[in-house]
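Numbering of ligands and ligand atoms starts at 1, following listing order. Just so you know, residue 1 is the first one in the sequence shown, and it goes up from there.
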Amino acid sequence: MIQKSFILTLAIFTCVISFAQNPVKIIVNTDIEKEKINKHIYGHFAEHLGRCVYDGIYVGENNTKIKHENGVRTDIIQALKDLKVPNLRWPGGCFADAYQWKNGIGPKAERPKMVNLWWGRNVEDNSFGTHEFLDLCEKIGTQPYLAANVGSGSVQDLMDWVDYVNSTKPSEMVLLRQKYGRKEPWNVKLWGVGNEAWGCGGNMTADYYSNVYRQYATFMTDWSNGSGLYRIASGATDGEYAWTESLMKNIPHNMVSGLALHHYSVLSWSEKGPSVGFTEAQYFKTMHEAFKIDEFIKGHSTIMDKYDPQNKVALIVDEWGGWYETDAGGSALYQQNTMRDAMIAGLTLNIFHNNARRVKGANLAQVVNVLQSVILTKEEKMILTPTYHVMRMYNVHQDANLLDVNVSKATNYELNGQKIPNISVSASKDSTGIVTISVVNLHYTKSEKIDIDLRGQIFTSCTGELLTSAKVDDHNSFENANKITPKPIKNISITNNLLNVELPPFSVAVYRLK
Ligand code: AHR
């Protein structure tokens, strides 16, 4: 009897072991190209919040300690250039619906001061305004995405802003722009018509906002360049599908290019947990929340498909990322960025790629010193976070064609009776024929062997980069800025078009094949 149960236990154990050792199987059909992965999925977001703009991006024109161009840190300009940022959203967030843009132009000494209503009620001197932001975008080589004030601004204000930045005709606004030093228009194409209109943007109902949107959008024209504006309506948060239903039903589709969607990977709004020193349960929950973006995108897309089967209106996830408790002693919403954030970034971008048909833009919240930042600063020091590195490793997917991918043998990460997939993957082919495969192993402890079966084309060479670290809450710091950086993967073998790889726990890998 004892012997039998021993043998049975041994058999079960052997079976578990051999199951655990079975590699995950991913089939990449390199000849099945789907829609383009719009580069605008890689957008960023800069709000007047904490130290994102003031004492972050912008350190002032008279700063003698930090290298800057017209007050904007040169190290940040360079880092964002290297990242290939396609668009930058500004000035909010909630701040946008309280922002009076006319107070942020003209001689700086004459600009009125303002109280930042939403974020700490601190006094801002309006020294970073429209010119400063749009000039910054030119320096980085990114498209500006202006979030317009609908909650407390007038239709006239918005009409004037569009005129001011885009027109060539000698209107009052254009003459003012020219007086303040800018002859040519900036031709801003991307416009958000309000932000979170269901909340900080005015606490409106969906039907009411739909009408307000129609009114504001009517008076936004491209003025002169003929290319048309890309108008984005304030969208739902998470799974608030009724909001999307109302907007898709009530707003004529020739008046709207995209609907926004916001989703934060937060444990709970009352207890967000620490940015560093979190438990495995907290890590798991964050991953679980990050995965939900897939469900939300699919849910909103189903409604959009009903009203817009031809897929003309895009879904723009213009706020996403991890949200934890603000670090002790940190400015508003300042949080450290660890390998957990790298996991959120890698799997969220894979989800955006795999939903490229409807998702045509997104903005990580936020670019510097706020929430899931790609850059953190402290006086003259600046560091690039693990999230920065993932976004840099992945940016080769920008504007490439999504490839058909099949995970035929998946494994799960299970904790306390809940499970999520272990592995997240997406693949694309760029205009030169290079295939990129990005893979995330988000398991807390387990490394994962993966067989990638490449079909449709013969590949002879592969390079790769890996981002990982010894501990999941490892991070870069002002004392050790390069603790976590991507490393080249050596000796990648392709045999019979089969790529055999092994990913350590909490790691992100990008493979490039020719
Ligand atoms: O990104 C921080 C805030 O989160 C934004 O201001 C708001 O739009 C959202 O609720």
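Relative ring orientation between Tyr413 and His443 is described as tilted, the plane-to-plane angle lying within the 30° to 60° band.
Per-residue contacts place Tyr264 under 4.0 angstrom from the following atoms of ligand 1 (heavy atoms of the residue considered): 1 (O), 2 (C), 4 (O). Every atom of ligand 1 with a heavy atom of Asn195 under 4.0 Å away is listed here by number and element: 8 (O). Interface atoms of ligand 1 facing Phe45, defined by a heavy-atom separation under 4.0 Å, are 1 (O). Counting atoms of ligand 1 from 1 in the listed order, those under 4.0 Å from a heavy atom of Leu371 are 1 (O), 2 (C). The distance from ligand 1 to the heavy atoms of Trp119 drops below 4.0 Å at these ligand atoms: 3 (C), 6 (O).
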Could you go through Lys113 and Asp125, starting from their C-alpha distance and side-chain angles, then the distance that decides it, and tell me whether this counts as salt bridge (Lys or Arg N to Asp or Glu O under 4.0 Å)? CA-CA 4 Å; Lys113 292 195 172 32; Asp125 64 4; 6.0 Å; no
Give the C-alpha distance, both sets of side-chain angles, the deciding distance and a yes or no for side chain to side chain contact (heavy atoms under 4.5 Å, CB included) between Val425 and Val440. CA-CA 6 Å; Val425 62; Val440 181; over 6 Å; no
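To the nearest 0.5 Å, atom NE2 of residue His353 and atom OG1 of residue Thr436 are 9.5 Å apart.
Of the protein's non-hydrogen atoms, Glu47 OE1, 2.7 Å is the one closest to atom 6 (O) of ligand 1.
When the heavy-atom distances from atom 4 (O) of ligand 1 to Glu196, Glu319, Gln366 are ranked, the shortest goes to Glu319.
The shortest N/O to N/O separation between Trp323 and ligand 1 does not fall below 3.5 Å. The distance criterion of under 3.5 Å between nitrogen or oxygen atoms is met by Cys94 with respect to ligand 1. Residue contacts with ligand 1: His262 is placed with no nitrogen or oxygen under 3.5 Å of a nitrogen or oxygen of the ligand (distance criterion only).
At a heavy-atom cutoff of 4.0 Å, ligand 1 is contacted by no atom of Trp320, backbone or side chain.
A side-chain hydrogen bond (donor to acceptor under 3.5 Å, both in side chains) with Asn87 is found for one member of Lys39, Gln143, His40 and no other, namely His40. None of Trp90, Tyr99, Trp119 except one satisfies the side-chain hydrogen bond (donor to acceptor under 3.5 Å, both in side chains) rule with Glu47; the exception is Trp119.
Taking both residues in full, the closest heavy atoms of Asn254 and Arg231 are given as O-NH2, 3.5 Å, listed atom of the first, atom of the second, then distance.
Neither side chain, Trp118 nor His48, offers a donor N or O lying under 3.5 Å from an acceptor on the other.
Ligand 1 lies nowhere less than 4.0 angstrom from a heavy atom belonging to Phe95.
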